[in-house]
4 protein chains.
Amino acid sequence: MVMMDRKERDKQLRKADILRAAENVFASKGYHEATIQDIAKQAQYGTGTVYLYFKDKNALYFSLLEEKIQSLINNAKEKTEQAKDAKKKLEIFIRESLVFFEQNQSFFRIYMLEKNSIQLIVSKKVTESFSVLEHATEYVEKLIKHAQEENVIKKNYSPSELADILASIMGSMILNWTKSDLRKVGSLKDKTGFIFDMFLNGAGK
Amino acid sequence: MVMMDRKERDKQLRKADILRAAENVFASKGYHEATIQDIAKQAQYGTGTVYLYFKDKNALYFSLLEEKIQSLINNAKEKTEQAKDAKKKLEIFIRESLVFFEQNQSFFRIYMLEKNSIQLIVSKKVTESFSVLEHATEYVEKLIKHAQEENVIKKNYSPSELADILASIMGSMILNWTKSDLRKVGSLKDKTGFIFDMFLNGAGK
Amino acid sequence: MVMMDRKERDKQLRKADILRAAENVFASKGYHEATIQDIAKQAQYGTGTVYLYFKDKNALYFSLLEEKIQSLINNAKEKTEQAKDAKKKLEIFIRESLVFFEQNQSFFRIYMLEKNSIQLIVSKKVTESFSVLEHATEYVEKLIKHAQEENVIKKNYSPSELADILASIMGSMILNWTKSDLRKVGSLKDKTGFIFDMFLNGAGK
Amino acid sequence: MVMMDRKERDKQLRKADILRAAENVFASKGYHEATIQDIAKQAQYGTGTVYLYFKDKNALYFSLLEEKIQSLINNAKEKTEQAKDAKKKLEIFIRESLVFFEQNQSFFRIYMLEKNSIQLIVSKKVTESFSVLEHATEYVEKLIKHAQEENVIKKNYSPSELADILASIMGSMILNWTKSDLRKVGSLKDKTGFIFDMFLNGAGK
DNA sequence: CATGAATGAGTGTTCATTCAT
DNA sequence: CATGAATGAACACTCATTCAT
């Protein structure tokens, strides 16, 4: 995006190294059990080095979440815009999310591990930088509103509630998939149809 | 249920005291931020006393989850059996779960905070005592299977996946409800109809 | 002073143990180089134990200073009141201070090491509990005022400045004494006369 | 003094830059709270550069003290030699010291903060380079000896003790002055008379 | 049985010092 | 020479767990 000199580029590379290591460690242990030393070792840096790039453990953690969510949203938006009607947009959104999570399983672990903590525990440390999450939900809401306007989705249900439900259905399916034997089950994105159907038509006959 | 002497009864009473305290503390701080001293103080016992009734922090935590889930299932089973057809049973199950969580908000916090951790982190400490959760899902699966047999629910979808989805929809709604201004929104169990509808018929028009 | 049960008494004893250890360690290393582990080890307690009795390193440090200064003042006041005229009072004050510091050499090290830091660096942590020092200087000022009223000391000099000067002369002499070979020089309180003379009559002929 | 080539001159200039920065930083934070990075940044050099000119933090610190004390002594000596009699010399010494400290308040802060640490803590790192202080006290002692020979000062008191006392009285007065509202109180060197009087004639009537 | 004081391993974080560029 | 990123030892402080009373 922006032109940067070698120094700035190297800095970004190292920051990325550390984020990658943090992703693994947080994913396998969760926030509290992960130690900065774990992460530093995983990234093959000294302990102190981590602090050159992130103010503290919390900042590292939220940087990670932010980066990933941002990239998920950006990708979803881009792909979504190629479709015309709201129904297709929704379907693409579901598929792209599944693709993303399939490619980012360790991030998914983190997301699932802490998403509720984030929402329930009102930590002061959090609020600052965490508009990303709001943007994410706002985006899904927008998709749903469009679908309502196009008469694809019932108008009497609140878009924000529907957005949460769609997200939770997807979460549930991804979780199921991660727990199953991956070789047998096939790609996660094959679940798109099922999720889409469940969301639009439910389980009823 | 079982006959017990005074000694055993007292022991159970104290165990319950501690579980009640743990429920509050875990609910407001989450597992890691809660300390045994917090819990002991809240229960008006000495720190060491907690260890007379629970092997360690983890055991206390899972005892709590187990007890609550057990009571949720028991209650749901009992109420559910009063209905004849599968559709009604499902509706009752949903309603009773909502009632339970409305009465046990702090447990719900715990459940939401850690439910994913429980499933994702394969902790050696966990596996032992955690058959309850399986029983719970098994029970919902059974309800769904019945509904499939009675032609209320599509037969081509897996009961276990549908069970997870139903649970996640309910979780999503409860979370929404806890976050909103309780006085305005009314009782949680009023959401029964909406959830039931979403699950059976989806959001589509 | 106050009646206390065994528990409270034991607690005070342990607090005293730790204060004694802290006195040694701070005295030989200064505040920053002293570690809590040093102090705990010296007191033959575990690291964490220190924190049962003192909020943090700072609190321990100031507790120590406060306790010592308080005891110095109390003793000085008591002995001083036995004399009638201001001149005698001043002399007794000087002697008693010397006796105190001779008996509390490691405290004197601490006092000298940090007294200026205390006065120069306006630390927020300090201000709260540090009225003791003010009381101490106030007391010396009062002695000097009395001496001025009794025409023993020039009235045109400010009592507070004179108090500081007296204190600094004493500090200087005590420092000299600690540095010299104690066996040869004799007791510190033998310097009373010299200090008293220097303060009243100066070095001039 | 000595002829030096450009290289050597530049080196001295840079050393001086760093010493100036160190003076500010040490004065406002004290030895332990000051960091090499603070100093380097203040001096507008890289962190590593500091180590090209000073072996370590300690060496930098003592270089600073040494330089300042040296310059104080040199100036005092020079001005002092203009007077003939010992009494006048002493007075000039006091005045010049006050002038120096008034112009070097941040150094004074450092001096007061650590002067006792220096004398009390027998650090291996210190001893090497610290003959300056001895020279300084030796010089004051010499002044006092002269005054004794000229019958201005009592002969029965030890010159070294008197030197320390004079220094401590001056320190006390300077400290008082720095703490007061400078605009009201006027120049520090106006205290010369008072100090001289206190030293020669004491506070007595 | 009940207690809560004592413990010390373990964590996040800082900073003097080094060294590749 | 100059740099400043990297390092890792060190420290204050917490808390699950134990055990003497």
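Naming convention: chains lettered A, B, ... in sequence-line order (proteins, then strands); numbering from 1 in each chain. Only heavy atoms go into these numbers, but all of them, side chains included; no hydrogens, no water, no symmetry mates. What you see is a predicted model; the values in this text were computed from it and never measured.
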Whole Å only: how far is the [atom1] atom of [X] from the [atom2] atom of [N]?
X: A:K29; N: E:dG10; atom1: NZ; atom2: P; result: 12 Å
X: D:N58; N: E:dT17; atom1: CG; atom2: C1'; result: 14 Å
X: D:K57; N: E:dT18; atom1: NZ; atom2: C1'; result: 17 Å
X: C:Q37; N: F:dT14; atom1: CD; atom2: P; result: 14 Å
X: C:Y53; N: F:dA12; atom1: OH; atom2: P; result: 20 Å
X: B:K11; N: E:dC1; atom1: NZ; atom2: P; result: 6 Å
X: D:D38; N: F:dG4; atom1: CG; atom2: P; result: 15 Å
X: C:K7; N: F:dA20; atom1: NZ; atom2: P; result: 17 Å

**Asked** In terms of the angle between their ring planes, are C:F26 and C:Y61 parallel, tilted or perpendicular, with boundaries placed at 30° and 60°?
**Response**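 Perpendicular, since the angle between the ring planes exceeds 60°.
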**Message:** Pick the closest DNA chain F nucleotide for A:V50 and for C:T47 by heavy atoms, then say which residue is nearer the 5' end.
**Reply:**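 Nearest-nucleotide comparison on DNA chain F picks A:V50.
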So does [X] get a side-chain nitrogen or oxygen closer than 4.0 Å to the phosphate oxygens (OP1/OP2) of [N]?
X: A:R14; N: F:dA6; result: yes
X: D:T49; N: F:dT3; result: yes
X: A:T35; N: E:dT11; result: no
X: D:Y45; N: F:dC1; result: no

**Residue met sooner reading DNA chain E from 5', once A:H32 and D:G48 are mapped to nucleotides** =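 Closest to the 5' end, via its nearest nucleotide, is A:H32.
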**Prompt:** Starting at the 5' end of DNA chain E and moving along, which residue's nearest nucleotide shows up first, A:Y31 or C:L52?
**Reply:**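 Nearest-nucleotide comparison on DNA chain E picks C:L52.
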Touch check for [X], heavy atoms < 4.0 angstrom, all strands: base, sugar-phosphate only, or nothing?
X: C:A34; answer: sugar-phosphate
X: A:D10; answer: nothing
X: C:I36; answer: sugar-phosphate
X: B:F54; answer: nothing

**Request:** Measure from the side-chain heavy atoms of A:Y51 and tell me the nearest of F:dC13, E:dG12, F:dA2.
**Result:** E:dG12
**Fill in**
side-chain hydrogen bond (donor to acceptor under 3.5 Å, both in side chains) filter on D:K68, not counting sequence neighbours, yields D:E23, D:N104
**Prompt:** Hey, is A:R20 close enough to A:E67 for a salt bridge, meaning N to O under 4.0 Å?
**Reply:** yes
**D:D10 and D:R6 ion-paired at < 4.0 Å** =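 Yes, D:D10 and D:R6 are salt-bridged.
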**Prompt:** Whom does E:dT11 pair with, Watson-Crick or G-U wobble, provided both distances fall under 3.5 Å?
**Reply:** F:dA12
**Asked** Given that both distances must come in under 3.5 Å, which nucleotide forms a Watson-Crick or G-U wobble pair with E:dA2?
**Response**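 Looking at the geometry, E:dA2 pairs with F:dT21.
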**Item:** Residue C:Q42 excluded, over 12 heavy atoms near CD under 6.0 Å
**Value:** yes
**Item:** Cation-pi, A:Y31 ring and A:K57 (6.0 angstrom, 45 degrees)
**Value:**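 Judged by the rule (NZ or CZ under 6.0 Å from the ring centre, within 45° of its axis), A:K57 counts as positioned above A:Y31.
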